[in-house]
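Please read the structure below before turning to the comments.
Counting from 1, the numbers follow the sequence of the chain as shown. Quick caveat, the model's predicted, so the values are computed rather than measured. No hydrogens, no waters, no symmetry mates; every other heavy atom, side chains included, goes into these values.
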Amino acid sequence: LLAKKKLSVYESAQIWNLTAYAYYLQERYPDSIRAYEQVLKQGEIPEAIVQSTLKTLSQLYFTVEDYGKALATVKRLMAKVSDPSPDVYMLLGQAHFQLKQYKQAVKPIATAIEKYRSQGKKPRENWLLLLRVCYYELKDYKKMIAVLKQLIEMYPKEQYLLTLAGVYSELGDTRKQLALTEAL
């Protein structure tokens with residue numbers, strides 16, 4: 001199809017998009033990435049296709065563990081979207097996290113959680129867990145406590161209570177640590 005001479009920019013972009021998706025289904029991720037990059041090189045294509053392609057590309061870079069390119073691609077996407085969705089903020093936070101840039105990861109993860117809440121949805125457990133780990137890596141135990149309390153409230157699990165007890169221990173609050181341990 002690409003050999004045809006009279007294809008419009010939009011038609012070429014759609015052929016590359018379909019090719020990229022076919023490679024993805026075959027788990028040929030590097031080929032899929034190259035094909036999605038071709039979509040973006042086609043010239044003036046609808047903004048929705050550009051945004052969708054950038055989001056898919058960033059996810060593919062995660063799949064092949066190229067977190068630097070995932071981060072760069074998410075930033076390209078965010079520059080094109082006036083009001084990024086919570087999922088896009090999470091991609092940004094996850095990319096920073098994978099690059100061990102915990103301080104930079106906190107804001108987009110927290111933003112994703114807050115945007116999700118503002119839509120009347122309960123934040124995803126794995127999003128809260130990722131935020132908790134960022135605070136742990138930053139040794140910001142007080143903020144970690146706030147996230148653990150949210151996890152306990154929304155996703156009650158014994159391990160979250162044990163972790164909370166451990167954080168109180170780190171802060172030297174043995175009374176709260178003992179109370180939680182006793183309760184368990």
Side-chain angles (χ1 to χ4, degrees), residues 24 27 29-30 32-33 36 51-52 54-184:
Y24 171 79
E27 298 181 9
Y29 303 124
S32 183
I33 288 169
Y36 277 120
Q51 291 174 13
S52 171
L54 287 171
K55 186 174 182 184
T56 302
L57 260 174
S58 64
Q59 292 166 332
L60 279 166
Y61 283 127
F62 272 102
T63 302
V64 297
E65 299 179 5
D66 190 338
Y67 305 118
K69 284 188 179 175
L71 178 61
T73 306
V74 173
K75 285 182 177 182
R76 282 173 62 192
L77 173 60
M78 292 188 84
K80 295 203 170 279
V81 180
S82 61
D83 186 24
S85 69
D87 290 342
V88 172
Y89 276 103
M90 274 309 296
L91 284 172
L92 181 63
Q94 289 168 329
H96 281 297
F97 178 83
Q98 291 295 340
L99 293 168
K100 298 183 180 351
Q101 299 170 347
Y102 306 114
K103 190 172 184 175
Q104 295 93 324
V106 167
K107 185 175 182 180
I109 295 169
T111 301
I113 291 167
E114 193 49 48
K115 284 181 78 93
Y116 219 63
R117 273 198 187 104
S118 72
Q119 296 171 355
K121 299 176 185 174
K122 179 168 80 167
R124 295 180 187 163
E125 185 176 12
N126 62 329
W127 292 7
L128 290 165
L129 287 170
L130 192 60
L131 185 58
R132 178 196 65 127
V133 173
C134 287
Y135 287 137
Y136 173 79
E137 292 293 338
L138 295 168
K139 301 202 183 325
D140 191 339
Y141 299 119
K142 291 185 181 200
K143 288 185 180 170
M144 191 176 163
I145 287 172
V147 175
L148 281 165
K149 286 180 178 179
Q150 292 175 57
L151 280 164
I152 291 165
E153 180 183 317
M154 290 182 258
Y155 303 98
K157 292 182 181 169
E158 188 176 298
Q159 72 188 50
Y160 300 146
L161 289 169
L162 285 170
T163 304
L164 183 58
V167 174
Y168 282 129
S169 173
E170 283 290 329
L171 292 172
D173 194 339
T174 53
R175 196 171 66 80
K176 287 183 181 175
Q177 176 195 13
L178 184 59
L180 282 170
T181 310
E182 288 281 323
L184 288 168

Within-4.5 Å side-chain heavy-atom neighbours: [X] and [Y]:
X      : Y      : answer
Leu99  : Gln104 : no
Leu138 : Lys143 : no
Glu125 : Trp127 : no

- Query: So, the side chain of Ser169 versus the backbone of Ala165: is there a donor-acceptor pair under 3.5 Å, distance only?
  - Reply: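 Between the backbone of Ala165 and the side chain of Ser169 there is no qualifying donor-acceptor contact (under 3.5 Å).
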Any chance you could measure [X], atom [atom1], to [Y], atom [atom2], to the nearest 0.5 Å?
X      : Y      : atom1 : atom2 : value
Thr73  : Arg76  : OG1   : CZ    : 5.5 Å
Tyr61  : Lys69  : OH    : NZ    : 5.0 Å
Ile33  : Asp66  : CD1   : CG    : 7.5 Å
Met154 : Lys149 : CE    : NZ    : 13.5 Å
Tyr29  : Tyr24  : OH    : OH    : 5.5 Å
Ile145 : Leu164 : CD1   : CG    : 6.0 Å

Please give me the minimum heavy-atom distance between [X] and [Y], naming the atom from each residue.
X      : Y      : answer
Lys142 : Leu171 : CG-CD1, 4.4 Å
Val147 : Leu128 : CG1-O, 3.3 Å
Gln177 : Tyr168 : N-CB, 3.9 Å
Val88  : Val74  : O-CG1, 3.9 Å
Ser58  : Leu91  : OG-CD1, 3.5 Å
Leu60  : Ser32  : CD1-OG, 3.4 Å

- Quickly, which of Leu148, Thr181, Ile152 forms a side chain to side chain contact (heavy atoms under 4.5 Å, CB included) with Leu161? Name it, please. Ile152
- Decide yes or no on side chain to side chain contact (heavy atoms under 4.5 Å, CB included) for Tyr155 and Tyr160, but give the supporting numbers first. CA-CA 9 Å; Tyr155 303 98; Tyr160 300 146; 4.2 Å; yes
Under 3.5 Å donor-acceptor pairs involving side-chain atoms of residues 105-117, not counting sequence neighbours:
| from | atom 1 | to | atom 2 | distance (Å) |
| --- | --- | --- | --- | --- |
| Thr111 | OG1 | Lys107 | O | 2.8 |
| Lys115 | NZ | Asp83 | OD1 | 2.5 |
| Lys115 | NZ | Pro84 | O | 3.2 |
| Tyr116 | OH | Arg124 | NE | 3.3 |
| Tyr116 | OH | Arg124 | NH2 | 3.2 |
| Arg117 | NH2 | Gln150 | OE1 | 2.2 |

- Message: Just checking Tyr67 against Phe62, ring centres under 6.0 Å apart?
- Response: yes
- Message: Please confirm whether the ring centroid of Phe97 lies under 6.0 Å from the ring centroid of Tyr102.
- Response: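 Yes: the rings meet the under 6.0 Å criterion.
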- Message: Taking Glu137 first and then Arg132, would you say they form a salt bridge - that is, a charged N and a carboxylate O separated by under 4.0 Å?
- Response: no
- Query: Among side-chain atoms of Gln101 and His96, is any donor-acceptor pair under 3.5 angstrom?
  - Reply: yes
- Query: Counting only heavy atoms not in Gln119, do more than 12 sit closer than 6.0 Å to its CD atom?
  - Reply: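 Check passes, neighbour count above 12.
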